Amino acid sequence: MKYASQRVAYWYFTCAMVLFGVQILAGVLAGTVYVLPNVLSELLPFNIIRMIHTNALIVWLLMGFFGCAYYLVPEEAERDIESPMLAYVQLGLLMFGALSAVAGYTLGVHEGREFLEQPLWIKVAIVVVALIFLYNISMTVLKGRRTAVTNVLLLGLWGIALFWLFAFYTPANLSVDKLYWWYIVHLWVEGVWELVMASVLAFLMIKTTGADREVVEKWLYSIVGLALFSGLLGTGHHYYWIGAPGYWQWVGSVFSALEIAPFFAMVIFAFKMVFKGRKDHPNRAAVLWSLGCTVGAFFGAGVWGFLHTLSFVNYYTHGTQLTAAHGHLAFFGAYVMLNLALITYAMPYLRGKAPYHQGLNIVSFWLMTGAMTVMTFALTFAGVIQVHLQRVLGMPYMEVQDQIAPFYWLRLGSGVVVGISAILFLWSVFGPVRERRAKAARVAVQPAE
Amino acid sequence: MSERFTTSAARNVFYGGSIFFFVVFVGLTAQSHWHIVTTSTDEATLSESVIRGKHVWEKHSCINCHSILGEGAYFAPEVGNVWIRYGGKDDPQAAREGLIAWMRSQPSGVEGRRQMPQFHLSDQELNDLVDFLEWTSRIDTQKWPPNDAG
Ligand code: HEM
Ligand code: HEM
Ligand SMILES: [Fe+2]
């Protein structure tokens with residue numbers, strides 16, 4: 001840790017990991033209800049479990065992004081965070097809002113649009129949180145050294161806040177409602193979040209491989225350019241069947257098919273930097289997560305996204321288990337793995353220790369990615385069968401679901417393994433480290449530039 | 001990457017291109033908004049009760065089990081065309097009564113079958129909800145879903 005104020009990131013990561021736990025628990029519960037539908041049906045219905053699962057996911061990913069920013073901006077800007085105090089206030093407010101939301105959901109207090117179920121006061125609190133954060137980070141950047149990494153990161157974070165404002169607009173016309181709902185959901189994950197992802201990845205590459213900053217920056221701008229050129233009009237892949245004009249079938253198909261490009265570029269970029277790198281970073285687990293994250297995103301978002309993005313395919317696959325397969329691998333591969341990569345990288349510095357528990361962390365990597373892959377295939381097979389029986393043959397929904405029950409057992413099994421691997425991961429980053437072994441190595445390891 | 005493609009060139013292409021595509025996207029959205037309110041949905045029948053029905057739909061977060069026009073959860077059937085499945089086109093009265101009876105009789109309690117909660121909706125809420133589903137079924141969705149199964 002070069003700057004004392006980077007320490008706030010430690011608490012962001014800690015809170016994020018608590019919500020990660022909540023997310024996985026709710027996921028396993030939801031997966032259980034799928035195969036044993038009478039479980040909990042009166043106490044905690046499926047819709048409530050599901051909103052806890054998805055909301056916890058989104059909030060912890062954002063919390064992780066904030067943590068990433070607080071960790072890397074001081075090193076990039078070469079100065080302490082403008083106000084660590086504000087950073088803690090921001091975290092407290094966000095965590096309080098998140099936990100209140102979860103508690104409220106179990107009591108039936110929620111709104112009713114997918115992913116935007118937070119009660120109004122929490123939506124407003126999120127704006128306040130965003131304003132505090134943007135002030136704090138922007139001031140740190142403006143008064144310090146400007147780099148491409150912080151430029152792109154800031155643009156991404158401002159974009160997240162800006163598009164969030166659409167959460168306050170709920171038109172009475174369902175089709176208009178959907179038109180702008182995607183301004184948040186799609187323009188986040190296939191737009192501004194990609195800016196955050198690419199810039200954090202660029203930071204990790206500079207630090208772990210000793211890559212030349214000039215080269216990294218060129219890659220960074222090229223990647224985020226590809227992301228926005230394809231991703232903005234790519235929103236059209238959600239406008240095929242909601243009442244929007246027919247031309248979206250062309251615009252959406254063409255541009256969203258190109259969305260695979262930035263993810264592919266990130267794979268090439270990361271592997272090239274690591275293999276050509278001038279140094280071997282002792283935190284091998286962090287390098288593994290960084291590389292894995294580009295591959296996970298490429299398959300989850302790129303390949304599984306392309307699978308159902310052309311309008312004549314989407315006509316049949318829209319809103320089936322295939323969508324769930326893609327949603328899981330995309331969120332996991334891109335944003336979960338990105339956060340776990342930076343946490344793995346930053347934790348030793350934040351705790352003032354040499355990289356520790358590398359073996360355990362690497363085991364958790366393979367177990368988690370392996371289990372998520374099995375889950376994705378289970379849902380993909382379920383989806384293909386569903387599409388054939390329901391969309392082609394016209395068999396009623398509920399009958400089709402009975403046919404694909406075995407895949408839901410497989411999903412639950414792999415989900416439990418994800419849970420176990422998450423515990424291993426948490427132990428590997430938060431678990432106790434024997435001081436004796438660490439002390440000798442600590443001297444040797446300084447953040448690279 | 002080649003020497004002529006400098007970092008500042010990459011940056012300028014990024015900023016310029018992004019602004020361009022964003023403006024095009026916003027323009028097309030505006031056109032789509034116009035298309036929806038004038039052509040593909042029936043604004044004239046977007047009545048108070050349809051709007052109230054949408055609120056009932058939202059208040060109970062039906063979207064986290066069902067999908068509507070293919071969006072939402074995948075735990076329960078598509079409802080964008082449930083009005084059609086219930087035969088609302090031929091016999092609206094029977095479809096209305098059928099849908100209301102369905103919601104009143106939940107949860108089914110059948111062992112091994114997915115359960116829909118009992119939301120204790122009033123007569124007015126039930127009718128509003130049906131109005132909303134009926135209105136939704138008339139949106140021009142480019143012929144989606146492929147069949148009545150949704
Ligand atoms: C990391 C980036 C991405 C994430 C996190 C992500 C996540 C998701 C999620 C959660 C949904 C379901 C939304 C809903 O509830 O209705 C979805 C839908 C969809 N995504 Fe992605 N996605 C990503 C990238 C992509 C890419 C690059 C493509 C195309 C190449 C793509 C194509 C689609 C399509 C076509 C749908 C609609 C599925 C349907 O019709 O049911 N996604 N995505
Ligand atoms: C870090 C890992 C995970 C991520 C990123 C993730 C993400 C998501 C997302 C984005 C959705 C919404 C899907 C959509 O709208 O298309 C979802 C739904 C769901 N997830 Fe996960 N999830 C994860 C782990 C799990 C686990 C371990 C389970 C347990 C089996 C699980 C079970 C479910 C279930 C049952 C649903 C509801 C699907 C439906 O609507 O029918 N998830 N998850
Ligand atoms: Fe999308």
Side-chain angles (χ1 to χ4, degrees), chain A residues 34 37-38 41-42 45-48 50-51 110-114 117 148 170 172-176 178-179 214-215 217-219 221-222 224-225 228-229 232-233 235 238-246 248-249 251 315-316 318-321 323-324 390-392 394-398 400-401, chain B residues 1 5-7 10-11 13-14 17-18 21-22 24-25 28-29 31-33 35-37 40-41 43 46 50-51 54-55 57-65 67-78 107 111-115 117 136 139-142 144-150:
Chain A
Y34 247 97
N38 306 83
S41 63
E42 316 248 335
F46 180 85
N47 60 341
I48 305 294
R50 188 184 194 270
M51 78 178 74
H110 54 71
E111 292 188 359
R113 294 193 297 161
E114 193 190 5
E117 295 90 349
T170 312
N173 183 316
L174 183 69
S175 294
V176 178
K178 285 174 177 290
L179 193 68
E214 180 74 13
V215 175
E217 292 186 343
K218 214 187 296 182
W219 272 100
Y221 281 121
S222 308
V224 293
L228 292 190
F229 299 172
L232 286 165
L233 288 174
T235 317
H238 304 294
Y239 291 168
Y240 301 153
W241 328 115
I242 62 166
W248 285 110
Q249 293 184 34
V251 178
Y315 182 68
Y316 293 100
H318 182 46
T320 61
Q321 294 300 324
T323 312
Q390 184 182 325
R391 294 285 162 78
V392 179
M395 190 191 277
Y397 174 91
M398 291 301 282
V400 174
Q401 293 299 309
Chain B
M1 273 179 272
F5 185 60
T6 60
T7 303
R11 187 191 54 213
V13 170
F14 164 63
S18 299
F21 282 108
F22 187 67
V24 172
F25 175 60
L28 288 180
T29 312
Q31 198 279 334
S32 300
H33 189 143
H35 173 88
I36 288 169
V37 296
S40 64
T41 68
E43 276 277 319
L46 185 53
V50 173
I51 296 174
K54 183 167 183 278
H55 284 307
W57 166 263
E58 287 165 359
K59 181 170 171 209
H60 299 285
S61 194
C62 313
I63 192 86
N64 271 302
C65 286
S67 57
I68 187 163
L69 303 188
E71 292 164 9
Y74 321 108
F75 183 73
E78 162 72 22
E111 194 58 37
R113 188 183 167 91
R114 294 183 195 165
Q115 298 296 305
T136 301
I139 296 174
D140 173 5
T141 56
Q142 312 281 332
W144 192 90
N147 57 52
D148 287 354

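The structure displayed is predicted, hence computed values, not measured ones.
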Can you find a pair of side-chain heavy atoms, one from A/Glu42 and one from B/Gln115, that are under 4.5 Å apart? no

Aromatic rings B/Phe21 and A/Phe229: how do their planes relate, parallel, tilted or perpendicular, breaks at 30° and 60°? tilted

Find the one option among B/Pro107, B/Ala76, B/Pro145, B/Ser67 whose heavy-atom pairs under 4.5 Å with chain A are most numerous. B/Ala76

Taking every heavy-atom pair that is under 4.5 Å apart, which of A/Met398, A/Met395, A/Gln321 has the most such pairs with chain B? A/Met398

Checking A/Tyr239 against chain B: side chain, backbone, both or neither under 4.5 Å from a heavy atom? side chain

Heavy-atom side-chain contact between B/Arg11 and A/Glu217 under 4.5 Å: no

Would you check if the side chain of A/His318 reaches a backbone N or O of B/Leu69 as a donor-acceptor pair within less than 3.5 Å? yes

Test ring pair (Phe, Tyr, Trp, His ring centres under 6.0 Å) applied to B/His33 - qualifying residues, sequence neighbours left out: A/Tyr180

Does any backbone or side-chain atom of B/Pro117 lie under 4.5 Å from a heavy atom of chain A? Answer side chain, backbone, both or neither. side chain

Heavy-atom check, side chain of A/Arg391 versus side chain of B/Trp144, under 4.5 Å: yes

Given A/Ala148, A/Ala324, A/Gly319, the one with more heavy-atom pairs under 4.5 angstrom with chain B than any other is A/Gly319

Say you draw a straight line from CD of B/Gln142 to CH2 of A/Trp248; how long is it, rounded to the nearest 0.5 Å? 12.5 Å

Inter-residue atom distance A/Lys178.NZ - B/Glu71.CD, 0.5 Å rounding: 3.5 Å

Is there a side-chain contact between B/Thr7 and A/Tyr221 (heavy atoms, below 4.5 Å)? yes

Structural part of A/Leu174 lying under 4.5 Å from a heavy atom of chain B: both

Answer yes or no: is there a side-chain heavy-atom contact under 4.5 Å between A/Leu228 and B/Phe22? no

Looking at B/Val24, B/Asp148, B/Leu46, B/Val37, which has the largest count of heavy-atom pairs under 4.5 Å with chain A? B/Leu46

Heavy-atom side-chain proximity of A/Ile242 to B/Ile36 below 4.5 angstrom: no

Could you go through the side chain to side chain contact (heavy atoms under 4.5 Å, CB included) check for A/Arg50 and B/Tyr74 one step at a time? CA-CA 11 Å; A/Arg50 188 184 194 270; B/Tyr74 321 108; 4.0 Å; yes

Grab the two heavy atoms, one from B/Phe5 and one from A/Ser222, that are nearest each other, plus how far apart they are. CE2-OG, 3.6 Å

Portion of B/Lys59 that has a non-hydrogen atom of chain A nearer than 4.5 angstrom: backbone

Report the distance from atom CD1 of B/Ile139 to atom CH2 of A/Trp241, rounding to the nearest 0.5 Å. 15.0 Å

Count the heavy-atom pairs under 4.5 Å between each of B/Cys65, B/Ala149, B/Ser40, B/Pro77 and chain A, then report the option with the highest count. B/Pro77

Would you say the side chains of B/Thr41 and A/Asn173 form a donor-acceptor pair under 3.5 Å? yes

What part of B/Thr136 gets closer than 4.5 Å to chain A, counting heavy atoms only: side chain, backbone, both or neither? side chain

The interface call for A/Glu111 against chain B, heavy-atom contacts under 4.5 Å, is backbone

Short side-chain to backbone donor-acceptor contact, A/Gln390 and B/Gly150, under 3.5 Å: yes

Do A/Tyr397 and B/Glu78 come close enough that some side-chain heavy atom pair is under 4.5 Å? no

Counting only heavy atoms not in B/Arg113, do more than 12 fall under 6.0 Å of its CZ? no

Pair A/Glu117, B/Asn64 - check side chain to side chain contact (heavy atoms under 4.5 Å, CB included), show working. CA-CA 10 Å; A/Glu117 295 90 349; B/Asn64 271 302; 2.7 Å; yes

So, the part of B/Glu43 with a heavy atom under 4.5 Å from chain A: the answer is side chain

Test item: B/His60 and A/Asn47 side chains (from C-beta on) under 4.5 Å apart, heavy atoms: no

OG/A/Ser175 to NE2/B/His35 distance, rounded to the nearest 0.5 angstrom? 9.0 Å

Sequence neighbours excluded, the answer for side chain to side chain donor-acceptor pair (under 3.5 Å) partners of A/Thr170 is A/Arg113

